[in-house]
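Within every chain, numbering begins at 1; the chains are lettered A, B, ... in the order of the sequence lines, protein sequences first and strands thereafter. Just so you know, these numbers come straight off a predicted model, no measurement behind them.
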Protein chains: 2
Amino acid sequence: MWVATRARRSEALSRERIVEASVAILDAAGEAGLTFKALTERLVTGPGAIYWHVANKDELLAAATDAVVAAALAVEPAGSSAQDQVRAVALGLFDAIDEHPWVAAQLSASSWQATAPRILESVGRRVGALGVPQRRWFTVTSVLVQYILGAAAQNAANGRTLAPDTDRGEFLDAVATTWEELDPDDYAFTRTIADQMREHDDREQFLAGIDLVLAGITAGEA
Amino acid sequence: MWVATRARRSEALSRERIVEASVAILDAAGEAGLTFKALTERLVTGPGAIYWHVANKDELLAAATDAVVAAALAVEPAGSSAQDQVRAVALGLFDAIDEHPWVAAQLSASSWQATAPRILESVGRRVGALGVPQRRWFTVTSVLVQYILGAAAQNAANGRTLAPDTDRGEFLDAVATTWEELDPDDYAFTRTIADQMREHDDREQFLAGIDLVLAGITAGEA
DNA sequence: ACCTGAACACCGTTCAAGT
DNA sequence: ACCTGAACACCGTTCAAGT
């Protein structure tokens, strides 16, 4: 009753607990849901207590983003070949951003600078193992990371657009139908691929993109 | 004096003028700068007048984004080969987002849905011209678009981080130095490429990425 | 050192009233 | 049909006061 109660009721406030609560709120309610009111209610304090540990809301978002990325990269990727490991790291980030869609917006914001080395390092080591000559490491790794984050961001954005209860099949069908109804003169191509969009799988397509880039790297151009 | 004055003083309010003013404010002051106060001052009205033409702020941001993207894609890309045209379209978008960095955040937000067909169409036509078999059009085009937007978004984010008066060389040097001071055990790779980051050119690297993807497409994998 | 909570300036949005 | 501008609810941040 004594010690246990104290621990359960209100563990001392800390940066870690604040970031943890922020991630939970962001997951549940999105970026718009993360307010100091929501935070203080969840942590049972006043705003001043939070400002003691964190400079402002931007820093909070950056810290929450870094926490999610760090967790995603902490999983040691299975797969023996360097190619498989690149795919595993890429998919790990893709899934993490898919589960925490608000991360996408943050990664193309200023919090980027703190998290960049983590991602560069994890992808870059495998680029080295791929046999890419050292003078191309920076370029090749940057391209891979840009593709990974770009694709993951758009996937997350698509997911966010949906109301939580919508059927994915219905949604894709609705988008495809919209595309098919576009002006044939201006949108001939988009109309043609509408049907392929109807049946595509996001993760499969993401991996196809990784394979495309890997094929380009192996082809040894650029 | 009579008609001219009326025209100069306050051209009738319209959705178009509101979007135009929004783009100008976003360019000058970023996303945080676009407030209804700033808009009403610039357009010399009250907030109610703006709400008559536009549903809410989100719609305003989406419309501003679409205007910038449409303008970037309206330029007919020079270059004879399909490969050159892909590069030209890609670079057009890259530069547009570089000039209007706030577009980056919007393109991975929900406004995406309205602008997507424009970009798909423009890139996709050249993918067709590349000789890619039709069943792969959707995948290949999506990969290209994801890379283009992902890379452009990160480039824009990097630009935004800088104070407007900072020297680019100094900034890159500072980041590279930070990387070189990372823990050698955890960041062996990142330390190795720090020097390449110091001297890289963003546009060149972006095009190298396009070439990598194009090489992958030509290699015929995936 | 850490926390409280009232207070401040500001923001998006609404709406009754005007023309 | 289009515009005005006061009013509302809410938000991030500060700070004097407490322990």
Does anything in residues 89-104 of chain B form a salt bridge (charged side-chain N to carboxylate O under 4.0 Å, His left out)? List the pairs, not counting sequence neighbours.
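Matches after skipping sequence neighbours: B:D95-B:R203.
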Got a sec, which residues hit ring pair (Phe, Tyr, Trp, His ring centres under 6.0 Å) with A:F206, two or more places apart in sequence or on another chain?
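Partners of A:F206 by the ring pair (Phe, Tyr, Trp, His ring centres under 6.0 Å) criterion, ordered by chain and then number, come out as A:F94, A:Y147.
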Does B:H200 have any ring pair (Phe, Tyr, Trp, His ring centres under 6.0 Å) partners at least two apart in sequence or in another chain, and if so, which?
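Ring pair (Phe, Tyr, Trp, His ring centres under 6.0 Å) list for B:H200, sorted by chain: A:F138.
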Return the residues of residues 47-55 of chain A meeting this criterion: a heavy atom under 4.0 Å from some atom of DNA chain C. Order them by number, or give none.
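Heavy-atom cutoff 4.0 Å gives A:P47, A:G48, A:A49, A:W52, A:H53.
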For [X], which residues count as a side chain to side chain donor-acceptor pair (under 3.5 Å) partner, sequence neighbours excluded?
X      : answer
B:D66  : B:T115, B:R118
B:R191 : none
A:E59  : A:R15

Under 4.0 angstrom, heavy atoms only, what part of the nucleic acid is A:L39 near: base, sugar-phosphate, or nothing?
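A:L39: no heavy atom of the nucleic acid under 4.0 Å.
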Spacing of B:R126 atom CZ and B:L144 atom CG [to the nearest 0.5 Å]:
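The CG atom of B:L144 is 12.0 Å from CZ of B:R126, to the nearest 0.5 Å.
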Compile the donor-acceptor pairs under 3.5 Å between side chains in residues 180-189 of chain A and protein atoms, sequence neighbours left out, one pair per line.
from	atom 1	to	atom 2	distance (Å)
A:E180	OE1	A:R198	NH2	3.2
A:E180	OE2	A:R198	NH1	3.1
A:D183	OD1	A:D185	N	2.8

Map every base of DNA chain D to its dot-bracket character, where paired means a Watson-Crick or G-U wobble contact with both distances under 3.5 Å and | marks a partner outside the strand.
||.|||||...|||||.||
Set of residues satisfying salt bridge (charged side-chain N to carboxylate O under 4.0 Å, His left out) with respect to A:R125, sequence neighbours excluded:
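For A:R125, the residues satisfying salt bridge (charged side-chain N to carboxylate O under 4.0 Å, His left out) (neighbours in sequence not counted) are A:E121.
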Chain A on DNA chain D: first and last contacting nucleotide, 5' to 3', under 4.0 Å to a heavy atom?
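The contact span of chain A on DNA chain D goes from D:dC11 to D:dC15.
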Taking only distance into account, with no hydrogens and no angle test, what donor-acceptor pairs under 3.5 Å do side-chain atoms of residues 27-38 of chain A form with protein atoms, sequence neighbours excluded?
from	atom 1	to	atom 2	distance (Å)
A:D27	OD1	A:H100	ND1	2.7
A:D27	OD1	A:W102	NE1	2.7
A:D27	OD2	A:H100	ND1	3.0
A:T35	OG1	A:K37	N	3.4
A:T35	OG1	A:A38	N	3.0
A:K37	NZ	A:E41	OE2	3.3

